[in-house]
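Here the structure is laid out as C-alpha cells; the discussion comes afterwards.
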Amino acid sequence: MSELNLILLGPPGAGKGTQAERLTDDFNLPYIATGNILRAAVQEGTELGRQAQGFMTAGELVPDEVIIGVILEAVEGPAARDGFLLDGFPRSTGQADALGEGLERLERRLTAALLIDVPDEDVVRRLSGRRVSVKTGRVYHVEFDPPKHEGRCDVDGSRLVQRDDDKPETVRHRLEVYRTSTLPLVAYYEERGSLRRFDGTRSPTEVHDHIRATIATLRLEDEL
Ligand code: AMP
C-alpha cells in the first residue's frame, strides 16, 4: 500500500482539527498537530513550552528554530513510517522547505496539501464561539456544537474554557499572520502540483466526504 503523507492547510478555525480526527481514523495515520504539541508543552512546562508560550499567547508564530526540529522528528519517527497527517505545519515557506528536504532525505514525498478554505467572517464567528475541555481537549462551539450541559465536557464533565488565543483581538491578529505567512503556501503547493482545495463552509460531513474521495483518487493514481 502506498504511504499517505498529508498536510492540512487553512485559516485558524477552518475545521482542520475536526477533519483530522476523521481522517486519522479512516486511514490510521498519526496526527501531528503543532498547536496541540505546543499547548501540551506549555502545560507541562517543558523547555519547548517555555520557548513557545509568549508567541502563542500573542498569536504570533513560534520561531522556526523552535518548531522545525520537533516536527521533523515526529515525521521521521517509526509511527509515521506509512504516512502522517500534519496540521498547523508548515506555516511558512521556510517550514515548507524544511519539510520538503526532510522528506527527500527519507526518499519520500508529499501526497497532497489539503486546503480547507473559509472566509474571514466565518473564521471570527467560529473561533470566538469555540470552547475546549481542559482535560479531554474535546472542542465544542457555543452555537454550532454546544455541549449537553453548558460549560462542561460531554465526555467527563470537565470544565470548558476559551483558548487565550481565541479572544477576538488575538483572532484578528492570527488571521493577519495567516495571510502574510501561511497563505503563500497555497501558491507554493499549487506550483508543485500538490494542492487540493475544499470548501470549508460546507458541513463537516460534506468536507470529509470530499477529502476522502480525493485521497482515494490520489491513491489510485499512485498505483497506476
Ligand atoms: P494552532 O492550534 O494550530 O492554531 O496553533 C496555535 C499557536 O501555536 C499558533 O498561533 C502559533 O503561535 C503556534 N504554532 C502552531 N504551529 C506553528 C508553526 N508551524 N510554526 C510556528 N508557530 C506555530
Side-chain angles (χ1 to χ4, degrees), residues 1-37 39 71 74-75 79-80 82-91 99 109-133 136-148 153-155 160 163 166 171 174-175 178 182-183 185-186 189-190 192-223:
M1 190 187 66
S2 55
E3 54 188 61
L4 272 183
N5 303 324
L6 300 171
I7 63 180
L8 277 170
L9 282 179
K16 299 190 293 293
T18 305
Q19 294 304 324
E21 220 171 89
R22 299 177 184 211
L23 294 170
T24 47
D25 265 4
D26 292 340
F27 300 107
N28 199 19
L29 294 171
Y31 175 43
I32 306 169
T34 38
N36 293 355
I37 292 173
R39 276 186 292 278
I71 298 310
V75 165
D82 296 328
F84 54 78
L85 181 63
L86 267 175
D87 173 3
F89 188 96
R91 254 194 173 74
L99 176 66
R109 62 178 191 84
L110 197 67
T111 311
L114 312 169
L115 170 68
I116 308 182
D117 235 346
V118 178
D120 284 6
E121 53 286 10
D122 291 42
V123 167
V124 175
R125 225 181 46 210
R126 287 181 183 193
L127 292 189
S128 52
R130 179 157 80 174
R131 300 291 181 271
V132 189
S133 153
T136 66
R138 236 206 92 161
V139 179
Y140 298 85
H141 192 283
V142 291
E143 196 183 333
F144 310 128
D145 180 21
K148 291 198 185 78
C153 178
D154 291 351
V155 179
L160 301 184
R163 274 169 52 172
D166 280 346
V171 167
R174 284 166 70 200
L175 269 172
Y178 175 75
T182 311
L183 209 52
L185 291 181
V186 173
Y189 286 116
E190 207 153 38
R192 287 159 179 77
S194 311
L195 193 79
R196 299 291 181 277
R197 283 175 193 269
F198 303 92
D199 178 358
T201 62
R202 301 294 186 97
S203 73
T205 302
E206 281 176 295
V207 177
H208 177 219
D209 287 345
H210 287 166
I211 297 180
R212 245 188 347 191
T214 299
I215 293 176
T217 311
L218 285 169
R219 276 196 147 158
L220 272 179
E221 286 170 0
D222 209 38
E223 280 162 20

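Residue numbers start at 1 and run along the sequence shown. All values below were derived from every heavy atom in this structure, side-chain atoms included, with hydrogens, water molecules and symmetry-related copies excluded.
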Close side-chain approach of Val186 and Leu195, heavy atoms under 4.5 Å: yes
From CG (Leu29) to CZ (Phe84), nearest 0.5 Å: 9.5 Å
Side chain to side chain contact (heavy atoms under 4.5 Å, CB included) between Asp87 and Asn36, intermediate numbers included: CA-CA 9 Å; Asp87 173 3; Asn36 293 355; over 6 Å; no
In this structure, CG of Leu9 is separated from OG of Ser194 (nearest 0.5 Å) by 10.0 Å
Interatomic distance, Gln19 atom CD to Arg212 atom CZ [nearest 0.5 angstrom]: 10.0 Å
Quick one: are Asp199 and Asp117 in side-chain contact, heavy atoms under 4.5 Å? no
What is the minimum heavy-atom distance between Thr24 and Pro30, and which atoms define it? CG2-C, 4.3 Å
Is Asp25 salt-bridged to Arg22, going by a charged N under 4.0 Å from an acidic O? no
Using the six-membered ring of Phe198, assess whether NZ or CZ of Arg196 lies under 6.0 Å from its centre and within 45 degrees of the ring axis. no
Which distance, rounded to the nearest 0.5 Å, do you find between the OG1 of Thr111 and the CZ of Arg219? 8.5 Å
Does some side-chain heavy atom of Asp120 sit less than 4.5 Å from a side-chain heavy atom of Pro11? no
State, yes or no, whether a side-chain contact exists between Asp145 and Arg138 at a heavy-atom distance under 4.5 Å. yes
Is any side-chain heavy atom of Ile215 closer than 4.5 Å to a side-chain heavy atom of Leu4? yes
Is there a salt bridge (Lys or Arg N to Asp or Glu O under 4.0 Å) between Glu190 and Arg197? Walk through the geometry before answering. CA-CA 10 Å; Glu190 207 153 38; Arg197 283 175 193 269; 3.5 Å; yes
Calculate, to the nearest 0.5 Å, the distance between atoms CD and CG belonging to Glu121 and Leu175 respectively. 10.0 Å
Look at the side chain of Arg126 and the backbone N and O of Ala14, then say whether any donor-acceptor pair between them is shorter than 3.5 Å. yes
Can you tell me how far apart CG (Leu8) and CG (Leu115) are? Round to the nearest 0.5 Å. 9.5 Å
Are Leu6 and Leu110 close enough, and set up right, to give a side chain to side chain contact (heavy atoms under 4.5 Å, CB included), and what steps lead you there? CA-CA 6 Å; Leu6 300 171; Leu110 197 67; over 6 Å; no
Between His208 and Asp26, does the side chain to side chain donor-acceptor pair (under 3.5 Å) criterion hold? Intermediate values first, please. CA-CA 10 Å; His208 177 219; Asp26 292 340; 2.6 Å; yes
Distance-minimising heavy-atom pair for Gly83 and Asn5: CA-OD1, 3.3 Å
Checking Asp154 against Tyr140 for the side chain to side chain contact (heavy atoms under 4.5 Å, CB included) test, could you report, in this order, the C-alpha distance in whole Å, the side-chain angles of both residues, the deciding distance, and whether it holds? CA-CA 10 Å; Asp154 291 351; Tyr140 298 85; 3.5 Å; yes
Do you know which two heavy atoms are closest between Tyr189 and Pro90, and how far apart they sit? OH-CG, 3.4 Å
Any donor-acceptor N/O pair, His141 side chain to Arg125 backbone, under 3.5 Å: yes
Take Leu85 and Ile32, measure what side chain to side chain contact (heavy atoms under 4.5 Å, CB included) needs, and give me the verdict at the end. CA-CA 6 Å; Leu85 181 63; Ile32 306 169; over 6 Å; no
Give a yes or no on whether the backbone of Gly10 and the side-chain of Lys16 come within a donor-acceptor separation of less than 3.5 Å. yes
Basic-acidic side-chain contact under 4.0 Å: Asp166, Arg131: no
Closest non-hydrogen contact found for Ala80 with Ala74 is CB-O, 3.6 Å
Just checking, any donor-acceptor pair under 3.5 angstrom between side chains of Glu21 and Thr18? no
